[in-house]
Asks: 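Got a structure for you, questions after.
In the text below, chain A, chain B and the rest are named by the order of the sequence lines, each starting its count at 1.
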2 protein chains.
Amino acid sequence: MPRRIDAEARTEAIAEASLRVLERDGLAGLSVRGVAAEAGIAAASLRRAFATQHALREYCLQLIEDRVTARVAALELTGRALVDELLLQLLPLDKERRMELVAQVQLGVLSLTDSELRPAAIRLSDAVDRACGAAIQILTEAGQFSRGRDPQYEAQRLRALLDGIAMHGLWSGELPDASPMLSMLARHLDELAGP
Amino acid sequence: MPRRIDAEARTEAIAEASLRVLERDGLAGLSVRGVAAEAGIAAASLRRAFATQHALREYCLQLIEDRVTARVAALELTGRALVDELLLQLLPLDKERRMELVAQVQLGVLSLTDSELRPAAIRLSDAVDRACGAAIQILTEAGQFSRGRDPQYEAQRLRALLDGIAMHGLWSGELPDASPMLSMLARHLDELAGP
DNA sequence: TCCTTATTAGTACGAGTGTACTCATAAAAT
DNA sequence: ATTTTATGAGTACACTCGTACTAATAAGGA
């Protein structure tokens, strides 16, 4: 019957264009016409995929969560090496991860004053929380987490530290030097194995 | 001769209105007309104090830095108690500090894609860095910083942790419960005294 | 009182915004 | 070949935006 269209691929392509726009131009550039131009489609087509601006912004957060989750799920490692790679997925170490983080921060800050967007932002934040909790558990199972430490506290502290390192990475240039972020994270994880 | 006006108080009052607008309505609300209404003055008067939007945004960051600096300088404490209070000035523990932090994050995120605003944002960030370095030094002088630890690394880690805790505090409701933030920070500082 | 200045209200311009249409075209399934 | 649908380009509306004016008013020093 109709002209079939892969709606899912369309929406994803649009959201990916949105992430590029968010990194290049910030929130002010996330307009219907701007994103449509970046995606190479007509504004009316974008409007068919996302009926409102809110739907587009919400899906962007969802896409970021999906992409990070997919990368983490694809890791074929165990123990400390897995933890390292897991946490590295949340730092701006390459262009893709930096783009995701910038977009996440932009939309997250918007959600501070846009109550409609808050649930989606909180969903993403909770996913990061779970990842940090999982990291601590993996370390524990690998015997690299001191029995004298409080897993719940350390998971929260790891989360805070990770956010702080990521923020600092965003501010220190287009593509920040990876080593300071890596070494700080590694040093902190090393410490968790000790008393 | 002329009608005298306290220009400094004017600009400061406008910037304070801007912080209120930033917390309530976000970056989208930081418009000439919106800020003027919040400050209770005419838009043309605001335009006399700040010739461009950029000047207004830049001064907002400056005001935040000045206010935090003033609060820190007013602390009449020593040792660990000083460090505690010093760092608490950078967490959203009451309405004023939350407002400053929200405004700082909003403008900071804007500075990611607005190169004109970056210098001011970096200035503020550097001030926080210095505060964390000073905190470590105070602990050292008070004998509450283990000789086995690396002061520079701990200063950076403290900075990252502080940012992460602050971010988490911003997301967990209008006025987050203070105790989780306080206890995490205190626990971390306690640890620095040990090996 | 006079003179200088700041503030105010109002208007205007060009641009960009979200949203909502129309209409012709291209493509796929029947 | 016909029918069904999504796309593309364009237009429109009512807003808000930053910026730049004008003219009238208010206030304080000489």
Asks: Output every pair passing side chain to side chain donor-acceptor pair (under 3.5 Å) with a member in residues 42-59 of chain A, not counting sequence neighbours, ordered by first then second residue.
Replies: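 For residues 42-59 of chain A: none.
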Asks: Using a heavy-atom distance cut-off of less than 4.0 Å, which residues of residues 51-59 of chain A contact DNA chain C?
Replies: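 The stretch gives A/T52, A/Q53 as the residues lying under 4.0 Å from the strand, ordered by number.
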Asks: Under the salt bridge (Lys or Arg N to Asp or Glu O under 4.0 Å) test, which residues partner A/R33, sequence neighbours left out?
Replies: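 Salt bridge (Lys or Arg N to Asp or Glu O under 4.0 Å) list for A/R33, sorted by chain: empty.
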Asks: So does B/K95 pair up with B/E23, basic N to acidic O under 4.0 Å?
Replies: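 A salt bridge is absent here (no side-chain N lies under 4.0 Å from a carboxylate O).
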Asks: Take atom CZ of B/R48 and atom C1' of C/dT8, then tell me their distance rounded to the nearest Å.
Replies: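 Taking CZ of B/R48 and C1' of C/dT8, I get 10 Å after rounding.
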Asks: Counting only side-chain N and O atoms of B/R47, is one of them less than 4.0 Å from OP1 or OP2 of D/dT19?
Replies: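 Yes, within the criterion.
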Asks: Holding to side chain to side chain donor-acceptor pair (under 3.5 Å), I want the full list of residues that pass it with A/D66, two or more places apart in sequence or in another chain.
Replies: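 If we apply the side chain to side chain donor-acceptor pair (under 3.5 Å) test to A/D66, skipping adjacent residues, the hits are A/Q62.
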Asks: Check side chain to side chain donor-acceptor pair (under 3.5 Å) between A/R123 and all other residues, then give those that pass, not counting sequence neighbours.
Replies: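 Partners of A/R123 under the side chain to side chain donor-acceptor pair (under 3.5 Å) test: none.
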Asks: Heavy atoms within less than 4.0 Å of DNA chain D: which residues of residues 35-46 of chain A have one? Give them sorted by number.
Replies: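 Per residue number, the list reads A/I41, A/A42, A/A44, A/S45.
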Asks: So which pairs with a foot in residues 141-150 of chain A pass side chain to side chain donor-acceptor pair (under 3.5 Å), sequence neighbours left out?
Replies: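 For residues 141-150 of chain A, and leaving out neighbouring residues, the side chain to side chain donor-acceptor pair (under 3.5 Å) pairs sorted by first residue read A/Q137-A/E141, A/R149-A/E154, A/R149-B/E191, A/D150-B/R187.
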Asks: In chain order, what residues pass the side chain to side chain donor-acceptor pair (under 3.5 Å) check against B/D84, with sequence neighbours excluded?
Replies: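 Here the qualifying residues are B/R80.
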Asks: Is any side-chain N or O of A/R10 closer than 4.0 Å to OP1 or OP2 of D/dT7?
Replies: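 Yes, within the criterion.
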Asks: Residues in side chain to side chain donor-acceptor pair (under 3.5 Å) with A/D126, at least two apart?
Replies: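 Scan of A/D126 (side chain to side chain donor-acceptor pair (under 3.5 Å), adjacent residues dropped) gives none.
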Asks: Which residues within residues 15-31 of chain A lie with some heavy atom under 4.0 Å of an atom in DNA chain D?
Replies: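 By residue number: none to list.
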Asks: Rounded to whole Å, how long is the line connecting atom CD of A/E8 with atom C1' of D/dA6?
Replies: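 So the two atoms are 17 Å apart, to the nearest Å.
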Asks: Specify the separation, in whole Å, of atom CZ of B/F50 and atom P of D/dC17.
Replies: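 In whole Å, D/dC17 P lies 18 Å from B/F50 CZ.
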Asks: Between A/R159 and A/D163, does any side-chain N to carboxylate O distance fall below 4.0 Å?
Replies: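 A salt bridge links A/R159 with A/D163.
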Asks: Applying salt bridge (Lys or Arg N to Asp or Glu O under 4.0 Å), which residue pairs with at least one partner in residues 99-108 of chain B are found, sequence neighbours left out?
Replies: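 Found B/R67-B/E100, B/R71-B/E100.
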Asks: Taking atom types as they are modelled, is there a donor-acceptor pair under 3.5 Å from the base of C/dG16 to the side chain of A/R33?
Replies: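 Looking at the base of C/dG16, it does not pair with any donor or acceptor on the side chain of A/R33 (distance under 3.5 Å).
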Asks: By the ring pair (Phe, Tyr, Trp, His ring centres under 6.0 Å) test, which pairs, at least two apart or in different chains, include something from residues 128-184 of chain B?
Replies: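 Passing the test, one end in residues 128-184 of chain B: no pairs.
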